[in-house]
Enquirer: 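Starting off with a structure, shown below.
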Amino acid sequence: MTAVRLKDIRKSYGNVKVIHGIDLEIEEGEFIVFVGPSGCGKSTLLRMIAGLEDISGGTLEIGGEVVNDVPPSKRGIAMVFQSYALYPHMTVYDNMAFGMRIARESKQEIDRRVRSAADILQLTDYLDRLPKALSGGQRQRVAIGRAICRDPKVFLFDEPLSNLDAALRVATRIEIARLSEAMSGTTMIYVTHDQVEAMTLADRIVVLSGGIIEQVGAPMELYERPANLFVAKFIGSPAMNIIPASITATGARTTVALPGNREVTLDIATPDSEKGAAVSFGVRPEDLSVATGSDSIIEGTTSIIEALGEVTLLYVEGLSSEEPLIAKLPGNQPFERGEKVRLTADPAKLHLFNAEGKTLR
Ligand SMILES: Nc1ncnc2c1ncn2[C@@H]1O[C@H](COP(=O)(O)OP(=O)(O)O)[C@@H](O)[C@H]1O
Ligand SMILES: [Mg+2]
């Protein structure tokens, strides 16, 4: 069943349009992540679903009912923000119970829900503590617990991990993944600018930029088959290498010329009309390897070598005037700065984008 349906959803602040017509169906029990750069409209979209922002155009349905004009408290949603906003003078238990007391739930029901949420979030030992006696990660778990207690149909998260340090962010991310397992029937919509959070948590990712959807798909779909240059560069780290190129041979396979008179053939079909077209050639850093024979597709000179232990990042210059190309090679590599290097890649792992940035396949 569809839990949340957005039909041509628009938002303007005065004359400024920030959301340009979003169509999206979110299934019950799905974990959906909105990802995109800062300012692309993620929070605005989430806040419209929550009822914290007016909807300028289009219709929003939750559980099959149009809720454009339904107040937040009647939408069956609960939202977790970046700042945990706990009451400092109340214990963990009372913070979680607060909303239910306002709603005049019975004492037994409040106790049952608080203890069940505390159990899911491993907060049982902390119920009598005040927020100041908790770590940032534990405080964010209390904020999540408070949302769980409301027993929402849809959970909304707006960058819940961005105030935590790196280690806590990973631990709390794993906690949220466990939570979504434990509450598998509950729909979750999660906003982040962090593509690692998106990749690890989502059933489906919605990539946004400038108030429009660039692509919707499962994490691996976006990684392996990005619809356009924007998604190709946004998903994956370090980002996909992009090199200007032109098509020299078309057909079932396509050959392109890269700067330096080097030709590469890709497992991508193009029509004859594309011959001579300016394109962008893309290859992920992790899909490059050191050429052993005459099969190199890229040659250049190393400028920076970042040995990270499990991988080595090799920055290669001299291919074009643009940014250095990055190769992510396994383990510790015996390269030195200024060394000539020849790189190759599996033709099936190469990407091609037309002049408008759309993926050719
Ligand atoms: N209350 C507001 N008034 C005017 N412009 C706003 C307001 N809130 C957000 N915006 C603008 O809308 C755009 C999207 O913002 P936002 O949804 O917060 O982006 P994100 O969460 O993706 O970083 C931005 O350009 C922002 O400046
Ligand atoms: Mg935001």
Enquirer: Give the minimum heavy-atom separation between Gly21 and Asp8, together with the two atoms involved.
Expert: CA-OD1, 3.4 Å

Enquirer: For the pair Thr187 (side chain) and Gly29 (backbone), establish whether a donor and an acceptor sit closer than 3.5 Å, ignoring hydrogens and angles.
Expert: yes

Enquirer: Salt bridge (charged side-chain N to carboxylate O under 4.0 Å, His left out) for Asp165 and Arg169? Distances and angles first, verdict last.
Expert: CA-CA 6 Å; Asp165 68 39; Arg169 210 154 52 221; over 6 Å; no

Enquirer: Looking at every non-hydrogen atom in both residues, tell me the closest pair between Leu313 and Pro238 and how far apart they are.
Expert: CD2-CG, 4.1 Å

Enquirer: Give me the one residue out of Thr250, Asn354, Thr254 that meets side-chain hydrogen bond (donor to acceptor under 3.5 Å, both in side chains) with Thr270.
Expert: Thr254

Enquirer: Which heavy atom of Glu109 sits nearest to which heavy atom of Glu105, and what is that distance?
Expert: CG-OE1, 3.8 Å

Enquirer: I want to check something: taking the side chain as every heavy atom from C-beta on, are Leu343 and Val316 in contact at a cut-off of under 4.5 Å?
Expert: yes

Enquirer: Is a side-chain donor-acceptor pair under 3.5 Å present for Thr255 with Thr248?
Expert: no

Enquirer: OG1 of Thr2 to CD of Glu28: how many Å apart, nearest 0.5 Å?
Expert: 9.0 Å

Enquirer: Counting only N and O atoms by type, is there a donor-acceptor contact under 3.5 Å from the side chain of Ser116 to the main-chain atoms of Arg112?
Expert: no

Enquirer: So, the side chain of Gln195 versus the backbone of Gly236: is there a donor-acceptor pair under 3.5 Å, distance only?
Expert: yes

Enquirer: Could you tell me which residues satisfy salt bridge (Lys or Arg N to Asp or Glu O under 4.0 Å) with Glu274, sequence neighbours excluded, listed by chain and number?
Expert: none

Enquirer: Hydrogens and angles aside, do Asn228 and Gln215 bring a side-chain donor and acceptor to less than 3.5 Å of each other?
Expert: no

Enquirer: How long is the span from the CZ atom in Arg146 to the CZ atom in Arg141, to the nearest 0.5 Å?
Expert: 15.0 Å

Enquirer: Going by an N to O cut-off under 4.0 Å, is there a salt bridge joining Asp111 and Arg115?
Expert: yes

Enquirer: So, does Ser12 use its side chain to make a donor-acceptor pair with the main chain of Asn15 at under 3.5 Å?
Expert: no

Enquirer: Please walk me through it: do Val207 and Leu222 pass side chain to side chain contact (heavy atoms under 4.5 Å, CB included)?
Expert: CA-CA 9 Å; Val207 181; Leu222 301 197; 3.5 Å; yes

Enquirer: Okay, side chain of Asn68, backbone of Gly58: is any donor-acceptor separation there less than 3.5 Å?
Expert: yes

Enquirer: Got a salt bridge between Arg178 and Glu175, using NZ or NE/NH1/NH2 to carboxylate O under 4.0 Å?
Expert: yes

Enquirer: What is the minimum heavy-atom distance between Ala345 and Leu350, and which atoms define it?
Expert: CB-CD2, 3.8 Å

Enquirer: Would you check, one step at a time, whether the test side chain to side chain donor-acceptor pair (under 3.5 Å) holds for Glu317 with Ser303?
Expert: CA-CA 6 Å; Glu317 313 255 7; Ser303 62; 3.0 Å; yes

Enquirer: Check whether any side-chain heavy atom of Phe353 sits under 4.5 Å from a side-chain heavy atom of Leu360, and report yes or no.
Expert: no

Enquirer: Looking at Gln122 and Asp119, would you say the former's side chain and the latter's main chain have a donor-acceptor pair under 3.5 Å?
Expert: no

Enquirer: Decide yes or no for Ile242 and Met240: does some side-chain heavy atom of the first lie under 4.5 Å from some side-chain heavy atom of the second?
Expert: yes

Enquirer: Report yes if the side chains of Lys132 and Pro88 come closer than 4.5 Å at any heavy-atom pair, otherwise no.
Expert: no

Enquirer: What is the distance from atom OG1 of Thr44 to atom CG of Leu52, rounded to the nearest 0.5 Å?
Expert: 11.0 Å

Enquirer: Within 45 degrees of the axis of the six-membered ring of Tyr13 and under 6.0 Å from its centre: does Lys11 put its NZ or CZ there?
Expert: yes

Enquirer: List the atom of Ile213, the atom of Val216, and the distance in Å for their closest heavy-atom pair.
Expert: CG2-CG2, 3.6 Å

Enquirer: Is it true that, when you exclude Glu181 itself, more than 12 heavy atoms of the residues, nucleotides or ligands shown sit nearer than 6.0 Å to its CD?
Expert: no

Enquirer: Give a yes or no on whether a salt bridge exists between Arg253 and Asp267, defined as a side-chain N under 4.0 angstrom from a carboxylate O.
Expert: yes

Enquirer: Are Leu121 and Ile144 packed together at the side-chain level, in the sense that at least one heavy-atom pair is separated by less than 4.5 angstrom?
Expert: yes

Enquirer: Give a yes or no answer on whether the side chain of Arg284 reaches the backbone of Tyr223 with a donor-acceptor pair at less than 3.5 Å.
Expert: yes

Enquirer: Going by the salt bridge (charged side-chain N to carboxylate O under 4.0 Å, His left out) test, which pairs reach into residues 192-204, not counting sequence neighbours?
Expert: Glu30-Arg204

Enquirer: Report the residues that fulfil side-chain contact (heavy atoms from CB on, under 4.5 Å) with Asp295, sequence neighbours left out, ordered by chain and then residue number.
Expert: Ala291, Thr344

Enquirer: Looking only at atom types and distance, does a side-chain atom of Arg113 sit under 3.5 Å from a main-chain N or O of Cys149, one as donor and one as acceptor?
Expert: yes

Enquirer: In this structure, which one of Leu60, Val154, Ile49 forms a side chain to side chain contact (heavy atoms under 4.5 Å, CB included) with Arg75?
Expert: Leu60

Enquirer: Using the salt bridge (charged side-chain N to carboxylate O under 4.0 Å, His left out) rule, take Arg262 and Glu299 through it: C-alpha gap first, then chi angles, then the decisive distance, then the call.
Expert: CA-CA 9 Å; Arg262 195 152 280 277; Glu299 291 192 17; 3.1 Å; yes

Enquirer: To the closest 0.5 Å, what do you measure between CD1 (Ile268) and CG (Leu352)?
Expert: 5.0 Å

Enquirer: Within the 3.5 Å criterion, strictly below it, is a donor on Ser43 or Asp158 matched to an acceptor on the partner's side chain?
Expert: yes

Enquirer: Above 12 or not: heavy atoms from other molecules or residues under 6.0 Å from CG of Asp346?
Expert: yes

Enquirer: Scan Phe155, Phe157, Phe34 and name whichever one has a ring-ring contact (aromatic ring centres under 6.0 Å, His included) with Tyr190.
Expert: Phe157

Enquirer: Picking from Val283, Asp287, Leu266, what satisfies side chain to side chain contact (heavy atoms under 4.5 Å, CB included) with Lys349?
Expert: Asp287

Enquirer: Can you tell me if Lys153 has over 12 outside heavy atoms packed within less than 6.0 Å of its NZ?
Expert: yes

Enquirer: From Leu325 CG over to Leu288 CG, what is the distance, rounded to the nearest 0.5 angstrom?
Expert: 6.0 Å

Enquirer: With rounding to the nearest 0.5 Å, note down the distance linking CG in Asn95 to CZ in Arg139.
Expert: 11.0 Å

Enquirer: Using atom types as modelled and distance alone, determine if a side-chain donor or acceptor of Lys328 lies under 3.5 Å from a backbone N or O of Thr312.
Expert: no

Enquirer: Donor-acceptor pair, Thr302 side chain versus Glu336 backbone, under 3.5 Å?
Expert: yes

Enquirer: With ring pair (Phe, Tyr, Trp, His ring centres under 6.0 Å) as the test, would you mind laying out the steps for Phe98 and Tyr87 before giving the verdict?
Expert: CA-CA 9 Å; Phe98 186 74; Tyr87 296 107; 4.7 Å; yes

Enquirer: Indicate the atoms forming the closest heavy-atom contact of Gly36 with Lys42, along with that distance.
Expert: O-NZ, 2.9 Å

Enquirer: Any salt bridge linking Asp94 with Arg101? Criterion: basic side-chain nitrogen under 4.0 Å from a carboxylate oxygen.
Expert: yes

